[in-house]
Amino acid sequence: MEVRAPEPGRADRLLALGVTPGARVTMVRTFPGVVFLCDQTKLAVERPRRRRDSRRAAVESIMRQEAAIGVG
């Protein structure tokens with residue numbers, strides 16, 4: 001597996017989990033989270049949320065708050 005990360009810090013996070021350069025990695029599952037086997041350790045990580053999804057969730061949260069207090 002090759003880590004091609006447009007997002008800074010992704011390789012650092014993998015290193016923090018113990019995934020070192022040259023380690024053999026086997027993908028176990030890709031949905032809903034990513035589960036992979038590295039050496040004899042099974043690791044599960046969440047997929048990063050897309051920025052657009054985060055913005056939509058923030059807008060929906062604000063709308064719910066405004067509805068609760070009667071704004072709008």
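For clarity, every value in this text was computed on a predicted model and none was experimentally measured.
Closest non-hydrogen pair, C38 versus G18, comes out as SG-O, 4.4 Å.
Judged as a side-chain contact (heavy atoms from CB on, under 4.5 Å), and not counting sequence neighbours, the contacts of V28 are V35, L37. With sequence neighbours left out, V45 forms a side-chain contact (heavy atoms from CB on, under 4.5 Å) with L17, V34, F36.
Put simply, M27 and F31 are part of two different groups of oily side chains (I, L, V, M, F, W, Y) that touch within less than 4.5 Å, one to the next.
From R29, atom CZ reaches atom NZ of K42 across 8.5 Å, with rounding to the nearest 0.5 Å. Taking CZ of R13 as the start and CG of L15 as the end, the distance is 11.5 Å to the nearest 0.5 Å.
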